[in-house]
Amino acid sequence: MKKFQHRRVSLLAGHLKPNSLDADDLEDLCSRLPSATGCSSTSKTGCDSCGSTAVARVSEASSGMFSTNTLSLVSTSAPREVMRTTTVDLDASWSRPSGRISTAEEYVDSLRGRQLTIYLFGQLVNDIISHAMIWPSINAVAETYRLGLEDPELATAVSQLSGVRHSRFLHVTETVEDVAMQSRMQRKLGQRTGTCFQRCVGMDAINSTFSTTFDIDAKHGTDYHTKFKAFVKHMQECNYVIGGAMTDGKGDRSKGPSDQPDDDLFLRVVRRHNNGVVIRGCKTHQTGSLNSHWLVVMPGGRMTERDKDYAIACALPVDAPGITYIYGRQSCDTRSMEDSPTDIDHGNASFGGQEATIIFEDVFVPHSHVFMNGEAEFAADLVERFTAYHRRSYICKAGLGDVMIGAAATIADYNGVAKASHIKDKLVEMAYLNENISGTAMAASLQSFRTNAGNYQPDVLMANVCKHNVTRFPYEIARLAQDLAGGLVVTLPSDQDFGHEVAGPLLYKYLQTVSGVTVDNRRRILRLIENMTMGRNAVGYLTESMHGAGSPMAQRVLIQRLMKLNDKKQMAKRLAGVKD
């Protein structure tokens, strides 16, 4: 059996469970822990000087939905009657007491004190809440809780699973209207934040996994669906944030998971025990993972029978032992860390997005939270259902587009050109493009259909048309916004210059425009346009629009498959009087 070279003792302890110890696990553990007698020998067979050896014992105690497991390391030095025991808590993150989250403040508090391993700029991050670069992304998620209190009809729902009111991001769609309400909520949150609010992946993972587990159980007689419903019920009762993890590192794109030179380039199961699995691999550019409480891990594409170990879907807490997060850079991201007189240069000081690379180093997942385990023929079903939900979810870009149109119109006002016909026409074009995004998303939602499991899924063709629009239209909207903003959007001096005793007064004198418009207000709108078209929130508005939920060709493949070309040929032939 291959050993993971960088496996730490804490990671190994995190995946050992009752009756699951194998020789390699025990051997590896014994080599990395001192014996209970205090001897520092690293011999796998014991210490020649004191004669001690290490024996692992595991006990299990029931604790609600989860079990609390401990690993006892027993030193059996001669004489054998003298034995000392060291107990290591294995499952703190799994068995943590559940508290319900109702407000933005409670959500922020729930992120404190977690033992996450996070790297940013080559350094470990101990507190994400106080980190100036990370905070705007946390605040964007907090906004979903604020909306839930301000407009519960839009942003919350009551589920048949739990019977409690919870965020709509945790809701299993029970009607067509539920799907449509998701879309309306997403556009509203885009308008309120001007960025990615990071909860759509989890929402869409819930609904796609819900129907897929039902179908797997129907074929194989498994109990995935029952377990998944119990998991979702628990999330709804606590009103948690769920993040999704689908995209693998992929390696050589011309090869499948089993044909890669490194077995770990797609996340996989490396060991199966009688009470769970151990997973290893990586999920890339995952949105909002640090700001979530739990992750739903899904396979990243179509699988063959040879790829069974890669066909894994499961849920785990974000602070499960063995997970490492490496924070992604964004354009202009360090402006939030600059020592400036004001926050104007941030563009959008309140809200931002977040992506991270997630490394899974031999992470144990109990069977209670495993929802696909080797059923490779269902991997494509799960991915395609997820993308149907998620490509329709890009209606959020219409919300960001609303902000972009508003900024463009405002800067036209500030520049004194709002009445020019060509300015009005460009704003009309922006609105036209933006409503095409929204309209196709709403069409996908309102044409939802009932799955075998009983939840509702968006129309697949219209969902892909929506996402394909999103790969194009925000770029044109952004171009027009920059057109209306003028060159100052990329040449505006820094906030420090405006605050300088010599340079500042000169800038305030020569950057005046319309009477009654302050230079600072003009600067703020220009920085917002910069932020959304080339700064840190351009990640959410532009590049994510291109590649999120699949790059453009992925949508064209499905549109070609679903366009019913032969039916259309027959319509034309019938009307033309063609006789085949």
Side-chain angles (χ1 to χ4, degrees), residues 99-112 114 128-129 134-159 162 164-173 178-207 232 234-245 286-296 318 348-356 389-390 392-400 402-403 441 445 537 539-541 544 548-549:
R100 179 170 174 80
I101 299 172
S102 299
T103 68
E105 292 74 21
E106 289 171 351
Y107 162 69
V108 173
D109 284 342
S110 74
L111 303 183
R112 303 183 193 277
R114 302 182 299 171
I128 63 174
I129 296 172
I134 300 176
W135 166 252
S137 70
I138 296 173
N139 199 33
V141 179
E143 193 71 4
T144 68
Y145 285 95
R146 297 185 189 106
L147 181 62
L149 293 177
E150 294 173 21
D151 193 345
E153 182 179 354
L154 177 65
T156 69
V158 178
S159 170
S162 63
V164 301
R165 184 166 293 278
H166 54 270
S167 170
R168 193 171 290 280
F169 286 104
L170 297 170
H171 193 52
V172 176
T173 51
D178 277 344
V179 188
M181 288 297 282
Q182 287 179 339
S183 295
R184 297 184 183 108
M185 173 186 67
Q186 289 166 311
R187 183 168 185 175
K188 175 62 72 174
L189 282 164
Q191 295 167 348
R192 289 172 66 116
T193 64
T195 191
C196 175
F197 38 89
Q198 306 152 58
R199 297 193 65 177
C200 304
V201 178
M203 177 179 74
D204 298 335
I206 286 174
N207 278 283
V232 174
H234 179 60
M235 296 297 103
Q236 292 176 349
E237 290 170 343
C238 296
N239 208 25
Y240 281 161
V241 175
I242 294 179
Q286 298 304 303
T287 300
S289 53
L290 301 180
N291 300 338
S292 302
H293 300 105
W294 284 72
L295 297 173
V296 172
V318 296
N348 181 347
S350 298
F351 303 110
Q354 177 197 102
E355 286 77 32
Y389 287 101
H390 203 50
R392 174 268 347 206
S393 283
Y394 275 69
I395 190 175
C396 66
K397 306 311 175 194
L400 274 68
D402 291 329
V403 175
S445 295
N537 283 328
V539 174
Y541 188 51
E544 186 182 281

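Counting from 1, the numbers follow the sequence of the chain as shown.
In this structure, the side chain of Q236 engages the main chain of L170 through a donor-acceptor pair within 3.5 Å. Between the side chain of T195 and the main chain of G353, a donor-acceptor pair closer than 3.5 Å is present. Checking side-chain atoms of N348 against main-chain N and O of F351 turns up a donor-acceptor pair under 3.5 Å. Listed for the R392 side chain is a donor-acceptor partner under 3.5 Å among the backbone atoms of V179. Within the 3.5 Å criterion, the main-chain N or O of L290 finds a donor-acceptor partner in the side chain of R114. Looking at E106, its side chain does come within 3.5 Å of a backbone N or O of T103 through a donor-acceptor pair. D402 contributes no side-chain N or O that, together with a main-chain N or O of K397, makes up a donor-acceptor pair within less than 3.5 Å. Using a distance-only test at 3.5 Å, with no hydrogens or angles considered, a donor-acceptor pair links the side chain of Q198 to the main chain of S137.
For the salt bridge (charged side-chain N to carboxylate O under 4.0 Å, His left out) condition, no pair includes a residue of residues 287-296, sequence neighbours left out.
When every heavy atom of A441 is checked against every heavy atom of I395, the shortest pair comes out as CB-CB, 3.5 Å. Residue M203 comes nearest to Q186 through the heavy atom pair CE-NE2, 3.3 Å, listed as atom of the first residue, atom of the second, then distance. Of all heavy-atom pairs between D178 and V172, the closest is OD2-O, 4.3 Å. The two residues G194 and L400 make their nearest non-hydrogen contact at C-CG, 3.7 Å. The minimum heavy-atom distance linking P136 with A349 is given by the pair CG-O, 4.1 Å. In terms of heavy atoms, A140 sits closest to C196 at CB-O, 4.0 Å.
Residues forming a side-chain contact (heavy atoms from CB on, under 4.5 Å) with L154 (at least two apart in sequence, or on another chain): L147, D151, M181, R184, M185, K188. Residues passing the side-chain contact (heavy atoms from CB on, under 4.5 Å) test with T144 are V141, F169, L189, F197, R199, sequence neighbours excluded. For R146, the salt bridge (Lys or Arg N to Asp or Glu O under 4.0 Å) criterion is met by E143, not counting sequence neighbours. Not a single salt bridge (Lys or Arg N to Asp or Glu O under 4.0 Å) links E153 to another residue, sequence neighbours left out. Under the side-chain contact (heavy atoms from CB on, under 4.5 Å) criterion, S292 pairs with V241, V318, not counting sequence neighbours.
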Legend entry - From CA spacing to verdict: side chain to side chain contact (heavy atoms under 4.5 Å, CB included), L295, I242: CA-CA 6 Å; L295 297 173; I242 294 179; over 6 Å; no
Inset, instruction - Decide side chain to side chain contact (heavy atoms under 4.5 Å, CB included) for I128 and Q354; before the verdict, give the C-alpha distance in whole Å, the side-chain angles of both, and the deciding distance to 0.1 Å. - result: CA-CA 12 Å; I128 63 174; Q354 177 197 102; 5.7 Å; no
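In this structure, Y240 and H293 have tilted ring planes: the angle between them lies in the 30° to 60° band. Taking the six-membered ring where tryptophan is involved, the planes of H171 and H166 are tilted, since the angle between them lies from 30° to 60°.
A heavy-atom distance below 4.5 Å is found between the side chains of I129 and V108. Two residues are said to be in side-chain contact when any heavy atoms from C-beta on lie closer than 4.5 Å; R187 and C396 fail this criterion. Residues Y394 and E544 meet the side-chain proximity criterion, which asks for heavy atoms closer than 4.5 Å. When side chains are defined from C-beta on, S350 counts as touching N139, because their heavy atoms get closer than 4.5 Å. Residues Y107 and N239 are not in side-chain contact: their nearest non-hydrogen atoms beyond the backbone lie 4.5 Å or more apart.
Atoms CH2 and SG, on W294 and C238 in that order, are 9.5 Å from each other to the nearest 0.5 Å.
When only modelled atom types and interatomic distance are considered, T156 and S167 share no side-chain donor-acceptor pair under 3.5 Å.
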